[in-house]
Number of protein chains: 2
Amino acid sequence: MHNSEAMALSAALLAAAGELTQRIHAGVVARGFEGLRPAHGFAFARLAPDGATVSELAGHLGVTKQAASQLVEELVRKGYVERRPHPVDARARLVVMTELGWACTRAAEEAAADAVRPWVRQLGGRQARALYEQLLVIAPNGPIRPTW
Amino acid sequence: MHNSEAMALSAALLAAAGELTQRIHAGVVARGFEGLRPAHGFAFARLAPDGATVSELAGHLGVTKQAASQLVEELVRKGYVERRPHPVDARARLVVMTELGWACTRAAEEAAADAVRPWVRQLGGRQARALYEQLLVIAPNGPIRPTW
DNA sequence: CACAGTGGTCAAGCTACTTGACCATACAGG
DNA sequence: CCTGTATGGTCAAGTAGCTTGACCACTGTG
């Protein structure tokens with residue numbers, strides 16, 4: 001694969017990621033969840049299983065813990081998450097999603113499905129799954145960096 | 001494809017794009033081009049063939065023309081591009097790359113090739129090309145949005 | 001030749017991030 | 001059992017890159 005092709009692949013990857021982000025965000029807004037940014041969705045993805053601390057969130061988002069703390073504060077104010085005392089570490093606070101947060105996550109999943117659907121139609125289900133698996137191979141579970 | 005899978009695909013796509021951006025940027029810096037951000041590379045990609053106007057650049061980057069103008073001003077100050085009178089429209093100014101700009105672009109292509117190489121090794125050349133072509137299908141030539 | 005549309009820049013404001021300082025708690029070593 | 005260092009979290013202030021708004025130069029159509 002030549003240098004120029006590598007560059008073209010990068011551009012295509014970035015364009016696809018940007019468009020997808022935009023579509024999901026638009027879908028979430030259309031479902032009535034306002035005042036949120038894509039970065040909040042990435043935070044939800046990390047919080048969803050069992051909650052997380054601010055520091056873990058910061059690592060996941062690729063920002064400082066101060067920035068993550070501000071983001072959490074904003075989500076608390078809007079009712080999507082709440083801070084609870086950490087069960088085993090009295091320094092830490094476990095951030096968990098509220099029912100509203102879960103509802104927003106479900107909306108995001110629906111929006112993601114809507115956004116991906118035309119791709120599946122164009123590629124076919126088999127190739128769409130191949131795309132997914134290829135992406136998993138090359139980016140196992142790295143941090144998601146909302147800002148470049 | 002279920003909702004949760006669509007979300008996972010999105011996350012994988014975003015993680016891959018973010019990691020790739022970071023690697024290319026690091027490679028460019030390592031080759032001696034400092035004071036640049038990834039967004040500048042996306043600008044170069046649009047300027048490379050025949051130059052472009054500020055408005056075209058703004059459309060490509062998904063920002064206002066004021067922001068694009070500031071970005072161009074910065075690149076001019078650092079010697080990567082220069083503004084020339086537009087050949088057919090006296091209102092417009094054609095932004096073209098200098099020799100330094102071309103050198104930086106070549107460095108970025110090398111860095112992109114370095115970043116993509118491990119993926120090609122893991123996936124195999126055949127699947128890597130398939131990945132590229134799948135991405136072209138789903139994101140033909142949309143704008144690149146550096147910031148979310 | 002009037003006038004709406006477009007290309008570009010200047011200026012001011014906003015927002016999400018950063019760095020720096022600080023406190024509370026954890027934990028390992030004397 | 002202290003003491004020193006590391007870690008989790010927040011407060012405060014500064015910053016970078018974007019936005020909106022205003023404006024001028026030029027285009028092109030009626």
Between [Y] and [X], is the closest basic N to carboxylate O distance under 4.0 Å?
X	Y	value
A:E110	A:R106	no
A:K65	A:E56	no
A:K78	A:E73	no

Distance below 4.0 Å between [X] side-chain N/O and [N] OP1 or OP2:
X	N	value
A:S69	D:dC11	no
A:T53	D:dG8	no
A:R83	D:dT10	yes
B:R37	D:dG17	yes

Over how many whole Å does the gap from [X] atom [atom1] to [N] atom [atom2] extend?
X	N	atom1	atom2	answer
A:L71	C:dC17	CG	P	7 Å
B:L36	D:dA16	CG	C1'	15 Å
B:R77	C:dT9	CZ	P	13 Å
A:L75	D:dG9	CG	P	15 Å
B:R93	C:dT6	CZ	C1'	16 Å
A:H86	C:dA26	NE2	P	11 Å
A:K65	C:dT19	NZ	P	13 Å
A:H40	C:dC17	NE2	C1'	12 Å

With distance as the sole test, does B:T53 use its side chain to make a donor-acceptor pair with the main-chain N or O of B:A92 at under 3.5 Å?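 Side chain of B:T53 to backbone of B:A92: no pair is present.
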Can any side-chain N or O of A:H40 pair as donor or acceptor with the backbone N or O of A:R37 at less than 3.5 Å?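 It does hold such a pair.
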Does a distance-only test, which skips hydrogens and angles, find a donor-acceptor pair under 3.5 Å between the side chain of B:Q66 and the base of D:dG17?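 Looking at the base of D:dG17, it does not pair with any donor or acceptor on the side chain of B:Q66 (distance under 3.5 Å).
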Base, sugar-phosphate or nothing for A:T64? Non-hydrogen atoms, less than 4.0 Å.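 Base contact.
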Using a 4.0 Å heavy-atom cut-off, does B:E73 contact any base of the nucleic acid, only the sugar-phosphate backbone, or nothing at all?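 No contact at all - B:E73 keeps every heavy atom at 4.0 Å or more from the nucleic acid.
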With the side chain of B:A92 defined as its heavy atoms from C-beta on, choose the nearest nucleotide among C:dG8, C:dT18, D:dC18.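 Out of C:dG8, C:dT18, D:dC18, the nucleotide with an atom closest to B:A92's side chain is C:dG8.
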From the options D:dT19, C:dT6, D:dG9, select the nucleotide whose nearest atom is closest to the side chain of B:R91.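 Closest nucleotide to the B:R91 side chain: C:dT6.
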Return whichever of B:Q70 or B:S55 has its heavy-atom-nearest nucleotide of DNA chain C closer to the 5' end.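 The residue closer to the strand's 5' end, by nearest nucleotide, is B:S55.
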Residue whose nearest DNA chain C nucleotide is more 5′ - A:V88 or A:A67: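 Upstream on the strand: A:A67.
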